[in-house]
Amino acid sequence: MAGGLVALLDDIAALVKLAAASVDDVGAAAARASVKATGVVVDDTAVTPRYVQGLHPERELPIIKRIAVGSLRNKLLIILPVIMLLSQFLPWLLTPILMLGGTYLAYEGAEKVWEAVTGHHEEDLPTVVDEAQEDTVVSGAVRTDFILSAEIMVIALNEVADEPFLARLAILIVVALLITGLVYGVVALIVKMDDLGLRLAQRDSSSSQAIGRALVKGMPSLLSLLSTVGIAAMLWVGGHILLVGIDELGWHALYDVVHTMEEAVHGVAGVGGLLAWLVNTAASALLGLVVGAVVVAIMHLIPRRRGAATH
């Protein structure tokens with residue numbers, strides 16, 4: 001009896017260790033998959049603060065919470081079931097879908113570059129003054145988030161495509177929770193930073209006042225930096241998705257050229273790995289910019305032709 005109990009306890013201990021290892025594996029895979037979606041995450045973080053411009057300060061956090069809930073609903077209830085079914089029954093579709101998303105990211109990045117060069121920018125969102133307008137702002141933000149969330153989830157899925165079905169499902173649920181919490185936690189911190197700065201600036205302590213003034217003055221620079229990083233990340237990630245996707249579809253020439261350039265600098269003592277990464281990143285960003293510029297040109301040409309046709 002005692003021997004049976006010891007054996008049972010050993011079995012339980014083994015199962016606990018196995019479960020712990022599985023949790024560690026899921027966590028590690030989710031972290032790895034999340035890192036691959038960095039470009040979209042930065043873009044999401046850069047875009048969302050626009051939706052709380054014009055809100056009363058006391059409404060900022062509730063609106064961000066509503067957008068975050070909508071984002072999580074997008075990921076878990078719509079995007080996740082679709083991509084899991086695709087990965088299980090039509091896995092060959094994932095690369096073309098991923099490349100479409102990469103093209104969209106490249107277009108978004110190139111569009112931002114075009115706006116910076118020409119001085120044409122998107123119109124600011126209207127000031128929000130009532131509940132109906134708040135609902136409009138939230139629904140618009142959730143629609144925009146749907147595209148970005150789909151990219152995040154597909155990129156993450158592509159990183160763990162070889163895992164069993166249940167492992168993929170668990171990893172993507174963790175990614176959805178992790179990314180949503182990260183993005184909207186940072187967004188909440190950003191939009192409340194100026195309020196925190198004002199409170200600190202009104203304190204008696206000279207050091208608190210200095211920190212408060214620095215926070216208030218630093219907000220525009222922070223948002224500008226975040227936007228610039230977001231543009232670079234979109235071009236890099238979008239271009240890299242296209243570079244890898246082209247190779248996976250059988251057109252190896254472009255990928256081979258980039259790989260040869262990486263190999264040429266990889267042997268440099270001490271910094272070879274960094275140089276190889278920079279070469280790949282620069283090549284990916286350049287490809288993203290070229291593809292994005294072509295799409296931008298097409299998108300701006302179509303309205304002109306329609307306008308000419310109506311006259």
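Numbers here are sequence positions counted from 1.
In terms of modelled atom types and a separation under 3.5 Å, the side chain of Ser71 and the main chain of Ile67 share no donor-acceptor contact. Put simply, the side chain of Asn74 never gets that close to the backbone of Ser149: no donor and acceptor are under 3.5 Å apart.
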Steps toward side chain to side chain contact (heavy atoms under 4.5 Å, CB included) verdict (Leu105, Tyr107): CA-CA 5 Å; Leu105 283 178; Tyr107 160 71; over 6 Å; no
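Across every non-hydrogen atom of Ile79 and Ala150, the tightest pair is CD1-N, 3.4 Å. Taking all atoms of both residues into account, the shortest heavy-atom contact from Gly239 to Leu287 is O-CD2, 3.5 Å. Minimum interatomic distance between Ala156 and Leu172 (heavy atoms only, all atoms of both residues): CB-CD2, 3.8 Å. The nearest pair of heavy atoms linking Leu243 to Ser284 is CD2-OG, 4.0 Å. Nearest heavy-atom pair, Ile83 versus Leu157, reported as atom, atom and distance to 0.1 Å: O-CD2, 3.6 Å. Nearest heavy atom pair, residue Leu289 against residue Ala110, reads O-CB, 4.2 Å.
Summarising the geometry, atom CH2 belonging to Trp236 is positioned 8.0 Å from atom NE2 belonging to His240; distances are rounded to the nearest 0.5 Å. In this structure, the separation between CG on Leu72 and CG on Leu77 is 8.0 Å, given to the nearest 0.5 Å. A distance of 6.5 Å separates CD1 in Ile231 from NZ in Lys112, rounded to the nearest 0.5 Å. Considering CD1 of Ile173 and CG of Leu178, their distance stands at 13.5 Å, rounded to 0.5 Å. Remark: Leu242 CG to Tyr255 OH distance equals 14.0 Å, nearest 0.5 Å. Going from atom CH2 of Trp114 over to atom CE of Met299 covers 12.0 Å, rounded to the nearest 0.5 Å.
By the side chain to side chain donor-acceptor pair (under 3.5 Å) test, Gln88 pairs with Arg168, sequence neighbours left out. With sequence neighbours left out, the side-chain contact (heavy atoms from CB on, under 4.5 Å) criterion links His266 to Ala276. For Val268, the side-chain contact (heavy atoms from CB on, under 4.5 Å) criterion is met by Val271, Leu275, not counting sequence neighbours. The side chain to side chain donor-acceptor pair (under 3.5 Å) check on Ser205 picks up Ser207, with sequence neighbours excluded. Listed by chain and residue number, nothing satisfies the side chain to side chain donor-acceptor pair (under 3.5 Å) test with Ser221 (two or more places apart in sequence, or in another chain).
In this structure, the side chains of Leu94 and Ser87 come closer than 4.5 Å at one or more pairs of heavy atoms. In this structure, Ile78 and Arg73 have side chains that are not in contact, with every pair of non-hydrogen atoms separated by 4.5 Å or more. When side chains are defined from C-beta on, Val296 counts as touching His300, because their heavy atoms get closer than 4.5 Å. With a 4.5 Å cut-off on side-chain heavy atoms, Lys75 and Leu80 do not count as touching.
More than 12 heavy atoms of other shown residues, nucleotides or ligands fall within 6.0 angstrom of atom CZ in Phe146.
Both Met84 and Leu166 are assigned to one and the same hydrophobic cluster, defined by single-linkage of ILVMFWY side chains at heavy-atom distances under 4.5 Å. Hydrophobic clustering, with ILVMFWY side chains joined whenever heavy atoms are under 4.5 angstrom apart, keeps Leu278 apart from Leu286. Taking hydrophobic clusters as Ile, Leu, Val, Met, Phe, Trp and Tyr residues chained together by side-chain heavy-atom distances below 4.5 Å, Ile241 shares a cluster with Trp277. Both Val117 and Leu235 are part of a single hydrophobic cluster, where members link through side-chain heavy atoms under 4.5 Å apart. Clustering ILVMFWY residues whenever any of their side-chain heavy atoms sit less than 4.5 angstrom apart, transitively, puts Val69 in a cluster other than the one holding Tyr184.
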Exercise answer: donor-acceptor pairs, residues 244-251 side-chain atoms, under 3.5 Å, sequence neighbours excluded:
{"from": "Asp247", "atom 1": "OD1", "to": "His252", "atom 2": "ND1", "distance (Å)": "2.7"}
{"from": "Glu248", "atom 1": "OE1", "to": "Thr95", "atom 2": "OG1", "distance (Å)": "3.1"}

